[in-house]
Protein chains: 2
Amino acid sequence: MAYTPPGETRKKVYEFVRERILSGSPPTVREVQRAFGFRAVQSARQHLEALVAEGKLVKDSGKARSHRLPELGRVRSSHLIPMLGRVQAGELTTALQDPGDYLLVQKTRFDGRELFALTVQGESMLGAGILPGDTVIVRRQPAARPGEIVVALVGEEATVKRYRQKKGRVELHPENDAFEPIVPREDGEPFSILGKVIEVRRNLE
Amino acid sequence: MAYTPPGETRKKVYEFVRERILSGSPPTVREVQRAFGFRAVQSARQHLEALVAEGKLVKDSGKARSHRLPELGRVRSSHLIPMLGRVQAGELTTALQDPGDYLLVQKTRFDGRELFALTVQGESMLGAGILPGDTVIVRRQPAARPGEIVVALVGEEATVKRYRQKKGRVELHPENDAFEPIVPREDGEPFSILGKVIEVRRNLE
DNA sequence: TGACATAACAGACAAATGTCTGTTATTCTT
DNA sequence: AAGAATAACAGACATTTGTCTGTTATGTCA
């Protein structure tokens with residue numbers, strides 16, 4: 001490769017490596033070499049070492065494909081959670097076998113094993129910015145605090161509502177004037193909180 | 001390692017490898033070996049080869065750390081995209097320098113290189129279920145079709161609006177009666193479409 | 001010009017890693 | 001008991017990949 005002004009190739013190498021890291025397969029030194037047409041391995045290595053020295057990359061010495069982006073430590077940590085969209089509401093509480101689909105979440109804060117996802121059906125939460133077809137990510141928990149949005153099992157149906165309490169009684173509030181709050185009967189009708197909605201996603205494409 | 005019932009260790013190996021792939025550093029054969037305490041490299045290799053044969057993994061023969069999740073079916077591989085939330089609006093069109101944060105997306109359908117994410121500021125898209133603080137994932141593209149939600153650069157400000165056309169003229173519509181549509185002036189005011197919003201995410205925790 | 005820094009090259013070595021051949025143990029089925 | 005299938009092991013070899021030492025070119029600056 002011909003001589004290039006200081007920093008020029010360096011920058012391109014950084015962008016190349018960054019791209020590869022983001023796409024999931026960090027390059028080997030020789031892959032960088034080939035990508036830039038260097039005739040010596042060392043040329044690629046010099047750039048990589050310089051980038052590490054600058055703090056733009058991190059690496060694990062001796063290991064193959066060990067270059068990483070410095071800030072990525074916790075960000076990249078991800079987890080697959082099951083989509084339960086097509087499952088009958090009544091079976092939601094049962095153990096998950098082989099869900100039809102998986103969703104990728106960043107599990108920095110929550111334990112991925114207790115998460116699942118649902119597709120929202122009705123328009124009852126329009127006022128909270130939750131539209132039909134949206135995906136809600138739910139953390140399994142048997143109780144909630146007032147004001148939180150929960151997935152509850154009322155009778156046979158799973159529903160997304162805002163959890164409230166009035167005089168010690170539970171109420172599930174929709175965020176849409178066309179709907180009425182749900183007040184679980186005190187007779188034996190099955191009622192339980194499946195979990196709390198911690199994220200909402202909407203696909204527009 | 002002691003003898004385990006058929007399929008048992010296999011499954012754990014799969015989960016281990018999947019976790020590592022998702023976290024950005026696919027393991028070497030020997031890393032799998034050590035993780036499971038195999039005394040022979042071949043033990044790890046057998047499991048890995050079997051998983052490839054089953055179609056649960058894919059690999060590039062001969063290369064280091066080359067196991068990947070198949071893009072097909074339900075488990076999609078992940079991709080990191082830059083969050084540009086804190087960047088000045090006016091600089092959005094420039095090349096990405098050092099994004100402070102990254103977001104994990106499933107890259108089945110779009111090319112990760114053309115995606116970025118933004119944090120929504122105002123309330124102008126309330127009617128479309130896009131609230132302040134929401135994160136929008138945007139695919140870079142210079143044009144849009146009527147009805148699509150876009151991120152546009154008007155003057156110095158980046159804004160999220162619904163793209164419409166009236167008599168051949170572009171209009172950017174908010175989804176909130178308290179706001180007025182934006183009609184780009186025909187004098188030299190900078191106006192451009194940065195991209196199309198393909199996903200909306202909201203964190204509730 | 002000469003010293004200095006950076007870029008690029010050349011050739012080699014060593015460690016990491018993928019791959020191969022063959023063997024033994026365990027479980028299940030017939 | 002015999003055979004088949006799977007699991008695990010042993011030891012080696014070949015390739016890939018990281019690393020090293022030294023050299024040559026190009027540009028900058030005093």
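A note on names: the letters A, B, ... follow the listed sequences, proteins ahead of strands, and every chain is numbered from 1. The basis for the numbers below is simple: all heavy atoms, side chains too, and nothing from hydrogens, waters or symmetry mates.
The CD atom of Glu19(A) sits 10.5 Å away from the OH atom of Tyr14(A) when rounded to the nearest 0.5 Å.
Checking the phosphate oxygens (OP1, OP2) of dT6(D), no side-chain nitrogen or oxygen of His47(B) falls inside 4.0 Å. Within the structure, every side-chain polar atom (N or O) of Arg30(B) is placed at least 4.0 Å from both OP1 and OP2 of dG18(C). When the side-chain nitrogen and oxygen atoms of Thr9(A) are compared with OP1 and OP2 of dA8(C), one or more of them lie within a distance under 4.0 Å. Between Arg39(A) and the phosphate of dA10(C), there is a side-chain N or O to OP1/OP2 separation shorter than 4.0 Å. An OP1 or OP2 oxygen of dG18(C) is reached within less than 4.0 angstrom by no side-chain nitrogen or oxygen of Ser61(B).
The separation between Lys63(A) atom NZ and dA15(C) atom C1' is 13 Å, rounded to whole Å. One can place NZ of Lys11(A) at 19 Å from P of dT6(C), the figure rounded to the nearest angstrom. Rounded to whole angstrom, the span from the CD atom of Glu54(B) across to the P atom of dA5(D) amounts to 16 Å. Between the P atom of dG18(C) and the CG atom of Leu48(B) lies a distance of 9 Å, rounded to the nearest Å. One atom, CG of Leu51(B), and another, C1' of dG18(C), lie 17 Å apart when rounded to the nearest Å. Here the P atom of nucleotide dC20(C) and the CD atom of Gln42(B) are 9 Å apart, to the nearest Å. Protein atom CD of Glu49(A) is 13 Å distant from nucleotide atom C1' of dT21(D), rounded to whole Å. Rounded to whole Å, atom P of dT26(C) lies 16 Å from atom CD of Glu8(B).
Nucleic acid contact class of Ser43(B) (heavy atoms, under 4.0 Å, all strands): base. Ser66(A) comes within 4.0 angstrom of nothing in the nucleic acid, heavy atoms only. At the heavy-atom level, Phe38(B) lies under 4.0 Å from the strands shown only through sugar-phosphate atoms.
The base of dG18(C) has none of its N or O atoms less than 3.5 Å from a complementary donor or acceptor on the side chain of Arg45(B).
A salt bridge links Arg145(B) with Glu148(B): the distance from a Lys NZ or Arg NE/NH1/NH2 to an Asp or Glu carboxylate oxygen falls below 4.0 Å.
Considering only side-chain atoms of Arg34(A), the nucleotide from dA7(D), dT17(D), dA12(D) that sits closest is dT17(D). The listed nucleotides are dT26(C), dG18(D), dA7(C); the one nearest the side chain of Ala64(A) is dG18(D). Each of dT17(D), dA25(C), dA7(C) was ranked by its minimum atom distance to the side chain of Thr28(A); first place goes to dT17(D).
Of the residues near DNA chain C, Gln46(A) and Lys59(B), the one whose nearest nucleotide (by heavy atom distance) lies more toward the 5' end is Gln46(A).
His47(A) and Phe38(A) have parallel rings, their planes meeting at less than 30° on a 0 to 90° scale where 60° marks the start of perpendicular.
At least one donor-acceptor pair closer than 3.5 Å links the side chain of Arg65(A) to the backbone N or O of Pro26(A).
Within 6.0 Å of NZ in Lys59(A) there are more than 12 heavy atoms belonging to other residues, nucleotides or ligands. Around CD of Glu54(B), the count of heavy atoms belonging to other residues, nucleotides or ligands within 6.0 Å exceeds 12.
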